[in-house]
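As the structure is a computational prediction, the values presented were derived from the model and not from experiment. Sequence lines set the chain letters: A, B, ... in the order given, protein chains first and strands last, and positions in each chain run from 1.
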Amino acid sequence: MESLTIHILLEEFMRFDVLSWRAASFFFTASSLHRASWQKTQQMRESYNNMQILSQHLLFRRISRVSASLVALCRRARRGRDKGALCSKNSTLHPSNMLSRLVIVSASGLKSSGPLGAGLVQASRSLHTSSQSLAPVPPLPEKGGKVRHGIFPEEIFQLLYPKTGVTGPYMLGTGLLLYMLSKEIYVINHETFAAASIGAVIIYGVKKFGPSVAAFADKLNEEKVAKAQEVKDLAMASLAQAIEDEKKEQWRAEGRSMLFDAKRNNVAMLLETNYRERLHMVTNEVKRRLDYQVALQNLHIRMEQEHMVNWVEKSVIGSITPQQEKESIAKCITDLKVLAKATQARATA
Amino acid sequence: MAGRRVALKTIDWVAFAERVPPNQRTMFNNLKTRSDAVAAKLTSLPEKPAAIDWSYYRSAVVKAGMVDEFEKKFSGLKVPEPVDTQTALINAQEAEANTTAAAYIEASKGRIAQYEKELDKFQNMIPFDQMTVEDLNDTFPETKLDKEKHPYWPHKPIAEL
């Protein structure tokens, strides 16, 4: 959009001779664009091609400054033209030179940022469709507006298609170019070749290294976002874990009654044990006493028995006199002799 | 000889063990061993002592009336039950533990609420690639650059870059 505006304005410039008025209007447009771009810059995200936006904004500032000086120059040129032929000839050359330089500057500046320029304007269009300001700011579209050959917006081709078909805009462009060349509105001079060479080099550079530089810038951004994302994920995971742990601790604390049940059980068991032990002890002691009595009685009886037996034996043995002892021994010997004879007789028989 | 039976609660040691936090495990093990020892001792003792055969003793002991006297005294004897001094203490301990546990659970719930609030903040925040710097400063106040304290870029001490 900006490229189209500038081109149309410049074309207007070339057509008419009221240079200072056109310069003023160009200055006004450029400064309004400058204002618009500054507002846009303020609204854009920091993370999305900051440099691009800033450079665009700076470019607009440069253009407006240049156009301000251009206004002054045009006025001087007109005064010079009014004054006389010689000096005015030099000075009349100046505005067109300046203008051509301006065209080149703006064109080359916009060539590199053309697609994005158009795209940014389109984005701003989508941003400002509703009267409210959206928060969070919706993300920018991935690609800028469609352009052909790097600078001409697709909208012109669509605009002219119903009337002039596919080749219409090309014809328009060729016609404009030939008109400018033939009427010497655009004069071919050394600057033309300088502009062509510089433009060629710039186009080659952008085409060759543009994607890789963009990828590098994107990677830097991606790394920043990834780091932040990692921090966020870590924080969320640790928070969830902390919640889980707290819940677990609460569950643990609920089991405290079991501890006290165990303690009371222990106490009850000890008491019961003690009681049983006491019962047992009582019984055992009574039994022991009774058994003692029984044993004592038995002991008495046995002792009496033994004593009596001993006493009887002693008295019997005491009562045997020596006379009786001799007689009993002699009787024993005769008995033995008879017995021996009897066995001898039996053995020989 | 009246045996009083206090209802012994069956304790599920497995479930109890699950709830023990790791730093109190040794205490739990000690408690378990002591409880098991006490229970074993209890089961090893028969509930009632063996009855005394009074008729045998009456026939055996010669002394008159001794057995009868013993028997009378024995059946009249009441073994005192041991006094329970500890259950009250345990109940007091339990009440105290209940209060501390309730306080702890309240504090824990407060912590959980705080964590959940922060979790919600993280879940509901806009994705990083749609944030502006102001959004970032709103979501994470610690990223806000103090422009009064450090008025010149980079608005923070060089060491923190």
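To the nearest 0.5 Å, atoms CD (Glu272(A)) and NZ (Lys41(B)) are separated by 12.0 Å. The distance from the CD atom of Glu118(B) to the CE atom of Met236(A) is 12.0 Å, given to the nearest 0.5 Å. To the nearest 0.5 Å, atom CD of residue Gln293(A) and atom CZ of residue Phe70(B) are 6.5 Å apart. Separating the NZ atom in Lys263(A) from the CD1 atom in Ile11(B) is a distance of 12.0 Å, to the nearest 0.5 Å. Atom-to-atom distance recorded for Ile112(B):CD1 and Leu239(A):CG is 12.0 Å, nearest 0.5 angstrom. One finds the CD atom of Gln86(B) at 11.5 Å from the CG atom of Asn266(A) (value rounded to the nearest 0.5 Å).
The two atoms that bring Pro82(B) and Asn274(A) nearest to each other are CG-CB, 3.9 Å, heavy atoms only. Counting all heavy atoms, side chain and backbone alike, Glu81(B) lies closest to Arg278(A) at C-NH1, 3.9 Å. Taking all atoms of both residues into account, the shortest heavy-atom contact from Asp12(B) to Met258(A) is O-SD, 4.2 Å. Looking at every heavy atom in both residues, Val83(B) comes nearest to Leu271(A) through O-CD2, 3.8 Å. Shown here for Val286(A) and Phe74(B), the closest heavy-atom pair between the two residues is CG2-CD1, 3.5 Å. The shortest heavy-atom contact between Tyr56(B) and Val294(A) is OH-CG1, 4.3 Å.
Looking at Lys247(A), the atoms closer than 4.5 Å to chain B (heavy atoms on both sides) sit in the backbone and in the side chain alike. Of the two parts of Phe16(B), the backbone and the side chain both hold a non-hydrogen atom closer than 4.5 Å to a non-hydrogen atom of chain A. Both the backbone and the side chain of Ser257(A) have a heavy atom closer than 4.5 Å to some heavy atom of chain B. Interface remark: Ala51(B) contributes backbone atoms only to the contact with chain A (heavy atom separation under 4.5 Å). Contacts between Lys121(B) and chain A at a heavy-atom distance below 4.5 Å are absent for every atom of the residue. When heavy atoms are compared at a cutoff of 4.5 Å, Glu222(A) does not approach chain B at all. No part of Pro127(B) comes within reach of chain A, as not one of its non-hydrogen atoms sits under 4.5 angstrom from that chain. Neither the backbone nor the side chain of Asp245(A) comes within less than 4.5 Å of any heavy atom in chain B. Both the backbone and the side chain of Gln93(B) come within contact range of chain A, with heavy atoms under 4.5 Å apart.
By number of non-hydrogen pairs under 4.5 angstrom with chain A, the leading residue of Ala39(B), Pro21(B), Ala101(B), Ala97(B) is Pro21(B). Across Trp13(B), Phe28(B), Tyr104(B), the residue that shares the most heavy-atom pairs under 4.5 angstrom with chain A is Tyr104(B). Among Lys32(B), Lys73(B), Arg34(B), Lys109(B), the residue with the largest count of heavy-atom pairs under 4.5 Å with chain A is Lys109(B). Interface remark: of the candidates Lys224(A), Lys248(A), Glu277(A), Glu277(A) forms the most heavy-atom pairs closer than 4.5 Å to chain B. With chain A as the partner, the residue from Ile90(B), Ile105(B), Asn91(B) showing the most heavy-atom pairs under 4.5 Å is Ile90(B). Here Asp261(A) is the residue among Leu270(A), Asp261(A), Asn298(A), Leu296(A) with the most heavy-atom pairs under 4.5 Å with chain B. In terms of non-hydrogen atom pairs under 4.5 Å with chain A, the most contact-rich of Ala50(B), Ala15(B), Pro80(B) is Pro80(B).
A donor-acceptor contact shorter than 3.5 Å links the side chain of Arg19(B) to the backbone of Trp251(A). Remark: side-chain polar atoms of Gln297(A) are paired, donor with acceptor, to backbone N or O of Ala60(B) under 3.5 angstrom. Under a 3.5 Å cut-off, the side chain of Arg276(A) and the backbone N or O of Leu45(B) do form a donor-acceptor pair.
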Query raised in the report: Yes or no on side-chain contact (heavy atoms from CB on, under 4.5 Å) for Arg256(A) and Asn98(B), after CA distance, side-chain angles and deciding distance?
Result: CA-CA 8 Å; Arg256(A) 62 189 179 277; Asn98(B) 278 347; 2.6 Å; yes

**Report entry** Stepwise side-chain contact (heavy atoms from CB on, under 4.5 Å) test for Asp233(A) and Phe122(B)
**Finding:** CA-CA 9 Å; Asp233(A) 287 342; Phe122(B) 274 117; over 6 Å; no

**Report entry** Pair Arg264(A)-Thr87(B), side-chain contact (heavy atoms from CB on, under 4.5 Å): steps then yes or no
**Finding:** CA-CA 6 Å; Arg264(A) 277 191 284 257; Thr87(B) 312; 4.1 Å; yes

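Asn265(A) places none of its side-chain heavy atoms less than 4.5 Å from the side chain of Val38(B). Contact of the Pro49(B) side chain with the Met281(A) side chain is not registered, since no non-hydrogen atoms from C-beta on lie closer than 4.5 Å. Residues Asp129(B) and Asn221(A) form no side-chain contact, since every pair of their non-hydrogen atoms from C-beta on lies 4.5 Å or further apart. Side-chain contact between Tyr57(B) and Lys287(A) is present, with at least one heavy-atom pair separated by less than 4.5 Å.
In Gln123(B), the CD atom is crowded: over 12 heavy atoms of neighbouring residues, nucleotides or ligands sit closer than 6.0 Å. Remark: His155(B) NE2 is packed, more than 12 non-hydrogen atoms of other residues, nucleotides or ligands lying under 6.0 Å away. Summarising the local packing, CD of Glu223(A) is surrounded by more than 12 heavy atoms from other residues, nucleotides or ligands at distances under 6.0 Å.
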